[in-house]
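Worksheet for the structure shown next.
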Amino acid sequence: MESRSGKAEGPAAIGTLRARQRKRVAAIRKLNARYAGQAFPMRAAEKWNRLSRELDETEELITELRARHERTSGA
C-alpha cells in the first residue's frame, strides 16, 4: 500500500527496507573477503562502519514499522 505522498507503508515499506539490507550485507561480505586476514585501510573501515550503522538503524526502523502496522491494521 502507498500513501498519497507515494511512500510505501507497512509491509511494502518493510520489503523495500529488507531488499536494501540484503545489498548492505552483500557489500559488507565483499569488504570482508577483500581484506581477509588484514586490517582495513581507512576508506574501507569507514565504509564498513557506515554500512554497519545503516544496518542497525534500518533494523530499528523495520521493527518500528512492523509494530505500527500491527497496531493500526487491527491485528
Side-chain angles (χ1 to χ4, degrees):
M1 171 169 41
E2 297 222 352
S3 69
R4 284 184 236 168
S5 66
K7 293 184 180 179
E9 294 180 352
I14 292 169
T16 299
L17 292 170
R18 286 280 180 217
R20 290 181 190 158
Q21 291 292 73
R22 287 189 293 274
K23 289 180 182 179
R24 288 180 181 118
V25 169
I28 286 172
R29 287 180 177 153
K30 185 176 178 180
L31 273 174
N32 192 53
R34 182 173 180 187
Y35 296 102
Q38 55 186 310
F40 284 134
M42 186 172 58
R43 287 180 60 142
E46 289 170 353
K47 185 173 183 178
W48 175 278
N49 290 335
R50 178 182 52 81
L51 289 166
S52 294
R53 186 175 52 252
E54 289 172 357
L55 276 172
D56 293 342
E57 290 169 355
T58 303
E59 274 307 312
E60 290 175 13
L61 177 57
I62 289 169
T63 299
E64 177 187 336
L65 293 176
R66 186 176 293 130
R68 287 169 43 190
H69 177 71
E70 288 174 4
R71 295 269 173 136
T72 60
S73 68

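Quick caveat, the model's predicted, so the values are computed rather than measured.
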**Asked** Rounded to the nearest 0.5 Å, how far apart are OG1 of Thr63 and CD1 of Ile14?
**Response** 8.5 Å
**Interatomic spacing from CD in Glu54 to CG in Leu61 - rounded to 0.5 Å** = 12.5 Å
**Item:** Heavy-atom closest contact (Gln21 atom, Glu59 atom, distance)
**Value:** NE2-OE2, 3.4 Å
**Prompt:** Would Leu55 and Leu51 count as a side chain to side chain contact (heavy atoms under 4.5 Å, CB included) if you check the C-alpha gap in whole Å, the side-chain angles of each, and the deciding distance to 0.1 Å?
**Reply:** CA-CA 6 Å; Leu55 276 172; Leu51 289 166; 5.6 Å; no
**Item:** Short N-O contact, Glu46 and Arg50, less than 4.0 angstrom
**Value:** no
**Message:** Hydrophobic clusters here meaning ILVMFWY residues chained together by side-chain heavy-atom distances under 4.5 Å, can you tell me if Val25 and Leu17 are in one?
**Reply:** no
For residues 28-41, tabulate all N or O donor-acceptor pairs below 3.5 Å that involve a side-chain atom, not counting sequence neighbours.
none

